[in-house]
Amino acid sequence: MSNIANVLTIAGSDSGGGAGIQADLKTMSALGTFGCSVLTALTAQNTRGVTAIHAVPLDFVRAQMAAVFSDIEIAATKIGMLASADLVQTVAEGLEAHRARNVVLDPVMVAKSGDRLLAADAVSALREHLVPRAEVITPNLPEVADLLERPEPKSRSEMRAAGEHLLALGPRHVLVKGGHLSDDPTSPDLLLGAGPPQWLEAPRTATRNTHGTGCSLSSAIAAHLARGLPVIEAVHAAKAWVAAAIARADDLDVGHGSGPIHHFHALWERLDKEES
């Protein structure tokens, strides 16, 4: 049996367990990799919203990164909530110092509840210091608008144009997530980079339980990259897995707002069959 790949998530904690570090680690485990973590912030959060954020001191973020990279062979790194410009710079310096591979950047700016998770003055730092280091960036449409300082794309053609502008910022691949195109029944995502543009589609599931979808998708891409898949295959596999996790989200009963997706849908289904 081959060794299990190690994947690092650099992100904030979600006390409700549906997004952030918690969703990342669940995703990595569900997809057969070993998850490590660097916490950048603590949030007091549940399915209804974020009530408080406590940033982790920069020196402690550096210490966490040094501890992980100095001892563990990290095959891919996912980056999520960073909160401030100083933190963006600190993480970028750490990635450079430790020669991080297969960096997947989810430019988290606003929580599902609408609470802002990235300071407005940190967007330019993200654009300058982290976007060019990424193998894949995975912005949704509001995040695309923030990164490009232009109106949010409202159609597939506008997604394509925005994606090309993002690609010009330096990442090797851009996955523009089109879930906010509410009039499109297929929840289309667009992958740009090496090779021709590719549209990835999945049927929409009628559920309010989609908390942590973006965190989980970027972590799934990182997990598949760590396991040796090329970017195109990794993105397709991650999209299919997240769609299945959303389709099974209502099996869970977590909170009274936007609940989490079902990270372990495949495992729990198998266990149910074994017990029956």
Side-chain angles (χ1 to χ4, degrees), residues 1-11 21 23-38 68-69 72-80 95 98-108 130-140 159 163 166-167 170-179 186-203 212-248 261-267 269-270:
M1 182 177 179
S2 61
N3 290 333
I4 295 174
N6 304 310
V7 187
L8 174 63
T9 169
I10 303 174
I21 287 280
D24 296 342
L25 295 177
K26 290 172 186 176
T27 299
M28 293 166 185
S29 296
L31 295 177
T33 61
F34 184 83
C36 306
S37 62
V38 168
V68 172
F69 280 109
I72 301 169
E73 182 69 23
I74 298 297
T77 299
K78 173 261 169 78
I79 302 172
L95 295 176
H98 300 295
R99 299 181 180 179
R101 298 180 289 136
N102 291 322
V103 175
V104 180
L105 172 62
D106 183 20
V108 177
L130 280 180
V131 169
R133 298 180 186 276
E135 182 68 38
V136 187
I137 64 171
T138 63
N140 60 30
M159 285 176 62
L166 287 173
L167 202 58
R172 293 181 180 86
H173 299 83
V174 175
L175 181 67
V176 181
K177 299 182 297 189
T186 63
S187 186
D189 297 343
L190 175 62
L191 179 63
L192 298 170
Q198 295 203 23
W199 287 99
L200 295 81
E201 299 176 340
T213 302
C215 303
S216 301
L217 178 64
S218 54
S219 294
I221 295 170
H224 286 304
L225 290 176
R227 298 187 66 179
L229 288 185
V231 171
I232 293 175
E233 293 180 26
V235 171
H236 277 274
K239 171 81 170 180
W241 177 81
V242 167
I246 294 172
R248 295 291 300 277
I261 66 174
H262 195 337
H263 296 89
F264 295 108
H265 58 277
L267 173 61
E269 182 177 3
R270 187 162 64 248

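The basis for the numbers below is simple: all heavy atoms, side chains too, and nothing from hydrogens, waters or symmetry mates. Residues: numbered from 1 along the sequence shown.
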Would you say [X] and [Y] make side-chain contact, with heavy atoms under 4.5 Å?
{"X": "Leu225", "Y": "Val7", "value": "no"}
{"X": "Leu8", "Y": "Val38", "value": "yes"}
{"X": "Leu190", "Y": "Pro197", "value": "yes"}
{"X": "Ile137", "Y": "Pro139", "value": "yes"}
{"X": "Asn102", "Y": "Thr77", "value": "no"}

What heavy-atom pair brings [X] and [Y] nearest, and what distance separates the two atoms?
{"X": "Ala222", "Y": "Ala76", "result": "O-CB, 3.3 Å"}
{"X": "Ser187", "Y": "Lys239", "result": "O-NZ, 2.8 Å"}
{"X": "Asp24", "Y": "Ser219", "result": "OD1-OG, 2.6 Å"}
{"X": "Trp199", "Y": "Met159", "result": "CZ3-CE, 3.7 Å"}
{"X": "Asn6", "Y": "Glu73", "result": "ND2-O, 3.0 Å"}

Donor-acceptor pair, [X] side chain versus [Y] backbone, under 3.5 Å?
{"X": "Asp189", "Y": "Leu200", "result": "no"}
{"X": "Arg101", "Y": "Ile74", "result": "yes"}
{"X": "His173", "Y": "Glu135", "result": "yes"}
{"X": "His265", "Y": "His262", "result": "yes"}
{"X": "Ser216", "Y": "Thr27", "result": "no"}

Does Ile232 form a side chain to side chain contact (heavy atoms under 4.5 Å, CB included) with Gln198? I'd like the steps, not just the answer.
CA-CA 9 Å; Ile232 293 175; Gln198 295 203 23; 3.5 Å; yes
Do Leu105 and Thr138 pass the side chain to side chain contact (heavy atoms under 4.5 Å, CB included) test, and can you show the C-alpha distance, the side-chain angles, and the key distance before you say yes or no?
CA-CA 6 Å; Leu105 172 62; Thr138 63; over 6 Å; no
Checking Phe34 now: which residues fulfil ring-ring contact (aromatic ring centres under 6.0 Å, His included) with it, not counting sequence neighbours?
none
Parallel, tilted or perpendicular: rings of Trp241 and His263 (30°, 60°):
tilted
Taking only residues two or more places apart in sequence, or in another chain, which ones meet Lys177 in a salt bridge (charged side-chain N to carboxylate O under 4.0 Å, His left out)?
Asp106
Could you tell me which residues satisfy salt bridge (charged side-chain N to carboxylate O under 4.0 Å, His left out) with Arg133, sequence neighbours excluded, listed by chain and number?
Glu96
Find the distance between NZ (Lys26) and CD1 (Ile21) and round it off to the nearest 0.5 Å.
12.5 Å
How many angstroms lie between atom CG of Leu95 and atom CG of Leu130, to the nearest 0.5 angstrom?
6.5 Å
Hey, mind stepping through Cys36 and Ile72 against side chain to side chain contact (heavy atoms under 4.5 Å, CB included) and telling me if it holds?
CA-CA 9 Å; Cys36 306; Ile72 301 169; 3.9 Å; yes
Would you say the side chains of Ser218 and Lys78 form a donor-acceptor pair under 3.5 Å?
yes
Checking side-chain contact (heavy atoms from CB on, under 4.5 Å) against Leu192, which of Leu175, Leu166, Leu167 comes through?
Leu167
Evaluate the criterion side chain to side chain contact (heavy atoms under 4.5 Å, CB included) for residue pair Val174 and Leu191; output intermediate values, then yes/no.
CA-CA 6 Å; Val174 175; Leu191 179 63; over 6 Å; no
